[in-house]
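Labels below follow one simple rule: chain letters A, B, ... track the order of the sequence lines, proteins then strands, and each chain is numbered from 1. Heavy atoms only: backbone and side chains are in, while hydrogens, waters and symmetry mates are out.
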Protein chains: 2
Amino acid sequence: MNDEAKVTGRGPAKADEPIEAERPTLKTIAFMAGLGVTTVSRALKDAPEIGQATKNRVRLIAKQIGYRPNRAGVRLRTGKTNVISLVLNAQSEIMGLTSNMVYGISEVLSNTPYHLTVTPYSAENDPMQPIRYIVETGSADGIIMSRTEPDDPRVRYLTEHGIPFATHGRTEMGIEHPYHDFDNETFADMATKSLLAKGRRRIAMMGGPSPAVTYFRHLQRGFLRAIEEGNATPIAVAGIDVDTALGTIRRKTEEVMSRPNRPDGIVCCSGSTAIALVAGIEAAGLKIGHDVDLVSKQTSDVLHWFRPEIIVVNEDIRHAGRQLAQAVLRRIEGADPRELQSLSYPF
Amino acid sequence: MNDEAKVTGRGPAKADEPIEAERPTLKTIAFMAGLGVTTVSRALKDAPEIGQATKNRVRLIAKQIGYRPNRAGVRLRTGKTNVISLVLNAQSEIMGLTSNMVYGISEVLSNTPYHLTVTPYSAENDPMQPIRYIVETGSADGIIMSRTEPDDPRVRYLTEHGIPFATHGRTEMGIEHPYHDFDNETFADMATKSLLAKGRRRIAMMGGPSPAVTYFRHLQRGFLRAIEEGNATPIAVAGIDVDTALGTIRRKTEEVMSRPNRPDGIVCCSGSTAIALVAGIEAAGLKIGHDVDLVSKQTSDVLHWFRPEIIVVNEDIRHAGRQLAQAVLRRIEGADPRELQSLSYPF
DNA sequence: TCCCAAACCTGAAACGTTACAGGTAGCCTA
DNA sequence: TAGGCTACCTGTAACGTTTCAGGTTTGGGA
């Protein structure tokens, strides 16, 4: 049977130190219950071969002494890390995106044994690098990532290696995988139409992502469709992306809005861009809602209270985080990826 | 000696599966080098009792086969988790704070074996709860936390338990611990003085934190000192904190700025608050830089390009993240906490 | 020639968990 | 009464690492 000394501590407590309670293990419970360690392990995970009375007894003791399974032990034995990794591009910080994503994911994870680790990579680095690291070292059970591209090497790699993951954004590579996306096509369509409805005819779209990212195409498609249906003129404005420095946006906007053939309506795809846009527009001596109308997507609630004249559409990133977390968790449990694909719609 | 089968795999690979390369362990290297596992372990950590030639040989093999220590093994044996935990209040999302903090910390951690996990807690919950969880389950080697209070129970608890940590913000409880803080007293002083220099005499301060948080006092002190020295009148405006909903701020500001005894200068302590303030001010029919002057601190670069009339002071949260990460790491190595205390200054 | 220390290297044990391959008691059936 | 089934429970081994307590060789000094 068990040796009591081994259960209660590593030796006699020194007189001048407080008796530090050892963290309880399965062995502690086994000793207290007069059972084998195996039985306790099984009882705690509700295995069918353990009697109900024993289970109750074990669970009572476990709760009383505050037993928590040692993650290192579990991980070493089973390979299960109980970690979800959020892989992020540190550059693309659309206002509040990272934080809301983190908080959304955490909300879901807080009721589970999973922890969240964040792995940012800098823009100069290969996006594959953190992914490979996680897979090679087996440091997470699931991955959440953003900046999804139509033909995304990360998606291919993870699928080949059978690692559960979910992407913020869709791909176009014929691989069914969990994702959550905002319906940017509908957003661009609706946004453009609302400008058309105000009589605007010379419309530009700004503040979208790099063309490499999938949702750039969605935006483009929705925008161009509405423009065409409305018989309006699309104004191309280069160099105002969501990753562009705000000072550059402001300057560029002022310049664009001073041209004779300036747009009279703007669809903006990000909140921080919108703020710099407004600054540029007003620096050019124009008035929002009079000379030009502005519709913008936002991922934090800043715009709402900034200029009531701006038509604001919310993309709820926190909700996206929740969806993505749910998706990876269910994928880890083996769910069909096609059931883990969701879209949110602009209202 | 070692059994080759044990080193190269768990059995013959099935014909229809690709030969999945097993992840190398110390045993793999030991077998390849014709050494004992112990020797390899020691060689890799540069122990003095291993010969130089052996070290070189072992390290070469390790590098060649891409050996990475198994974290679960290390953690189980030594108790070292190689994890730093960032504990955050999910409510207090000052614009971009969370993300910049995360990125700053990651920058430092990326050159170390440490991973970053994020543990948010909701405002309704006890701030001690996540801290206790981490300590009880031993799930991190170090903790970074914010919203530091003058008499902070978390600081007391962690100090008593000897867990390395660093706080964003100072305490006033006579415990020397690592921290990084922004010199909010100087900020408030400078900000107020710059308003005085513009001839403003009726000055309010808004957008600070909850009075429970330490830096509330710093702001107050700097503000009141400058007010007194300048023989100006402080205008008290209640209910416009950094955590207040922006809609509320906007409404309240409009109301305050419509009073006959309205402030003619405002010191604002957060960027998002400033945006809502401006909206309120302009809704009241006033013009920034004419009827009222505004100085604001910001933690993202939005304000800069928003209204040039606003005097902007930057608090670099990314830098704070770097400092805090450095501090915990050095604390883990046993450095004196008094050498891990730093302040950044408004320029 | 013998002994001893220094320089290197070693196997076994342990961390906490789960999987494997049983073991035992009690009871029912033939 | 034997055989066998069911319901519960058990010890041992293993995951990969580090620590402990040695072991072996080499070379130098007496």
Side-chain angles (χ1 to χ4, degrees), chain A residues 1-3 5-11 22-31 33-58 62 65-82 113 136-139, chain B residues 1-3 5-11 22-31 33-58 62 65-82 113 136-139:
Chain A
M1 270 293 150
N2 283 317
D3 174 9
K6 284 199 174 173
V7 169
T8 50
R10 275 195 197 105
E22 293 280 315
R23 183 163 165 217
T25 70
L26 288 181
K27 206 148 124 190
T28 320
I29 302 180
F31 177 72
L35 292 168
V37 173
T38 305
T39 308
V40 174
S41 172
R42 301 252 258 253
L44 288 175
K45 38 178 56 59
D46 212 10
E49 55 268 76
I50 306 295
Q52 195 53 53
T54 307
K55 282 182 189 171
N56 292 342
R57 207 154 55 88
V58 166
I65 66 177
Y67 168 76
R68 313 233 196 197
N70 179 309
R71 313 185 120 238
V74 175
R75 181 163 169 182
L76 182 58
R77 181 67 241 244
T78 64
K80 177 138 219 244
T81 61
N82 283 301
E136 282 167 10
T137 62
S139 56
Chain B
M1 271 292 149
N2 284 317
D3 173 8
K6 283 198 174 172
V7 171
T8 50
R10 274 194 198 103
E22 294 279 315
R23 184 165 164 215
T25 70
L26 288 182
K27 206 148 125 188
T28 320
I29 302 180
F31 177 74
L35 291 168
V37 173
T38 305
T39 308
V40 175
S41 172
R42 302 251 258 251
L44 288 175
K45 39 178 56 59
D46 211 11
E49 56 267 76
I50 306 295
Q52 194 53 53
T54 308
K55 282 182 189 172
N56 293 341
R57 207 153 56 87
V58 166
I65 66 177
Y67 168 78
R68 312 230 195 198
N70 179 310
R71 315 186 117 236
V74 176
R75 180 164 170 181
L76 181 58
R77 182 66 240 249
T78 64
K80 177 135 218 248
T81 61
N82 283 302
E136 282 167 11
T137 63
S139 54

Smallest separation among heavy atoms of [X] and [Y], with atom names:
X: A33(B); Y: R57(B); value: O-NH1, 3.1 Å
X: R68(B); Y: R23(B); value: O-NH2, 3.1 Å
X: G138(B); Y: T81(B); value: O-CG2, 3.2 Å

Atom [atom1] of [X] to atom [atom2] of [N]: distance rounded to whole Å?
X: I50(B); N: dA6(C); atom1: CD1; atom2: C1'; answer: 14 Å
X: I29(A); N: dG16(C); atom1: CD1; atom2: P; answer: 13 Å
X: F31(A); N: dC9(D); atom1: CZ; atom2: P; answer: 19 Å
X: K55(B); N: dC8(C); atom1: NZ; atom2: P; answer: 9 Å
X: R23(B); N: dG16(D); atom1: CZ; atom2: C1'; answer: 9 Å
X: N70(B); N: dG16(C); atom1: CG; atom2: P; answer: 17 Å
X: R71(B); N: dG16(C); atom1: CZ; atom2: P; answer: 20 Å
X: N82(B); N: dT17(D); atom1: CG; atom2: P; answer: 13 Å

Listed pairs, N/O of protein and of nucleotides 18-25 of chain C, under 3.5 Å:
unit_1: dT18(C); atom_1: OP1; unit_2: K45(A); atom_2: NZ; d: 2.6
unit_1: dT18(C); atom_1: OP2; unit_2: S41(A); atom_2: OG; d: 2.6
unit_1: dT18(C); atom_1: O2; unit_2: R77(A); atom_2: NH1; d: 2.2
unit_1: dA19(C); atom_1: N6; unit_2: T38(A); atom_2: OG1; d: 3.2

_Return whichever of P24(A) or E49(B) has its heavy-atom-nearest nucleotide of DNA chain C closer to the 5' end._
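Whichever sits nearer the 5' end wins; that is E49(B).
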*asked:* Both G73(B) and R57(B) contact DNA chain C. Taking the nearest nucleotide for each, which residue is further toward the 5' end?
replied: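 The 5'-side residue here is R57(B).
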*Are the side chain of R42(A) and the backbone N or O of E49(A) linked by a donor-acceptor pair below 3.5 Å?*
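No; judged by distance alone, with no hydrogens or angles, the pair does not exist.
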_Under 3.5 Å donor-acceptor, R71(A) side chain and P113(A) backbone_ =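 Between the backbone of P113(A) and the side chain of R71(A) there is a qualifying donor-acceptor contact (under 3.5 Å).
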*Under 4.0 angstrom, heavy atoms only, what part of the nucleic acid is T25(B) near: base, sugar-phosphate, or nothing?*
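It contacts sugar-phosphate atoms only.
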*Of L44(B), T38(B), V37(B), the residue whose pairing with V40(B) passes side-chain contact (heavy atoms from CB on, under 4.5 Å)*: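 Output: one option passes, namely L44(B).
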*Going through the checks in order, is the side chain to side chain contact (heavy atoms under 4.5 Å, CB included) test met by K55(A) and D46(A)?*
CA-CA 7 Å; K55(A) 282 182 189 171; D46(A) 212 10; 2.9 Å; yes
